[in-house]
Amino acid sequence: MIVAMQEGAEETQIQQVIDQLVKLGFEVHRSSGARMTVLGAVGTGIDFDIRNLELLPGVQEVHRISAPYKLAGRSFRPEGTIVRLPNGVNIGGNDVVVMAGPCSVESREQLFSTAEAVAKAGARVLRGGAFKPRSSPYSFQGHGEEALKLLREAGEKFNLPVISEVMEISQIPLMMPYVDILQVGARNMQNFNLLRELGKVRKPVLLKRGIAATLEELLLSAEYIMAGGNYDVILCERGIRTFETYTRNTMDISAIPIIHKLSHLPMTADPSHGTGRRDKVPPMARAAVAAGADALLIEVHCNPEKAFSDGAQSLFPDQFSKLMDELRMIAPAVGRKVG
Ligand code: PEP
Ligand code: MN
């Protein structure tokens, strides 16, 4: 950490800051020029509020140098993390893995025909919600365990590992036998009790960025899961809330290279929730692959106009298949393969 003192700060003020840093456990290196003093504070694992230092008399500015997350930070595993799923599907390796399927599991017919279409087009993981976080309590909330059973069955039939959202701690044991990836939705990104419990399971977790979360907050949430011993965390950009109203959310493509710089965890892009409009999903999916996404999460529905949730952002199977062809052309340009 760097503490820059104001020009002309008094010696007693400088000493007060040094004393405070030493008390916190830092080793302090002082550098005094003709007009200014800068303090370099070195220490690991020290938990403190930076604002308490900024408020001390004579302090100009304070900057953290090291990240507050340790396990999720790139330096923990500079070579990157590969999350291994059944059927030889690896997220974080050379292949860009496409996860696709309906927003919610509605019926056997709906799920199986969608699963067949996405498998045929080259998706490697099947998605489908069983527990749905809906803004309105009157909207479809998901078919729960029945949906999970269908998802597992469809996954087995089409040789696809499956992903579904877990909304609360009590659902974890229920979901374990059915799913290969537990998805934490945007609304639960900072449900710290849920994250802690997910740290205890030995199953990959896909953690979505909260609707108003910074990337540092996303990584700190990943840290909660990893601190419990579960290192198989996949991050996901799914759009954030901004002043723009044309799209449902603003898809932050820059989050992809930023996360790759800050963290070793694989990064997914969800252009379906990121835009909320079917016509904008393919361009954002293409952009995400070009920006280096390790995986995509895309909503596809065999009959989107009749979908129980998120129909407007769900691709028709034909659109999905065309998009996959495009992604197969884009990926090699950035040294990847859509596998
Ligand atoms: C979903 O994947 O259907 C979902 C609810 O996502 P999010 O948490 O990103 O809104
Ligand atoms: Mn959805």
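Ligands are counted one by one from 1 in listed order, and the atoms in each one are counted from 1 as well. Predicted model, so just to flag it, every value in this text is computed and none were measured.
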Around atom CG of Asp47, are there more than 12 heavy atoms of other residues, nucleotides or ligands at under 6.0 Å?
no
Asp232 bridged to Arg84 by N-O distance under 4.0 Å
no
Quick check: are there more than 12 heavy atoms from other residues, nucleotides or ligands sitting under 6.0 Å from CD of Gln190?
yes
Salt bridge present between Glu153 and Lys149 (N-O < 4.0 angstrom)
no
Under a 4.0 Å N-O cut-off, is there an ion pair linking Glu326 with Lys322?
yes
Should Glu11 and Arg30 count as an ion pair when the cut-off is N to O under 4.0 Å?
yes
Close residues, ligand 1: non-hydrogen atom nearer than 4.0 Å:
Cys103, Arg127, Lys132, Pro133, Glu165, Gln183, Gly185, Ala186, Arg187, Lys208, Arg238, His273, Glu299
Between Glu299 and Arg127, is there a side-chain N and carboxylate O pair less than 4.0 Å apart?
yes
Ring-plane angle category for His264 and Phe76, please: parallel below 30°, perpendicular beyond 60°, tilted otherwise.
tilted
Listing by chain and number, what protein N/O/S atoms are under 2.8 Å from the Mn ion (ligand 2)?
Cys103 SG, His273 NE2, Glu299 OE2, Asp310 OD2
Glu197 bridged to Lys200 by N-O distance under 4.0 Å:
yes
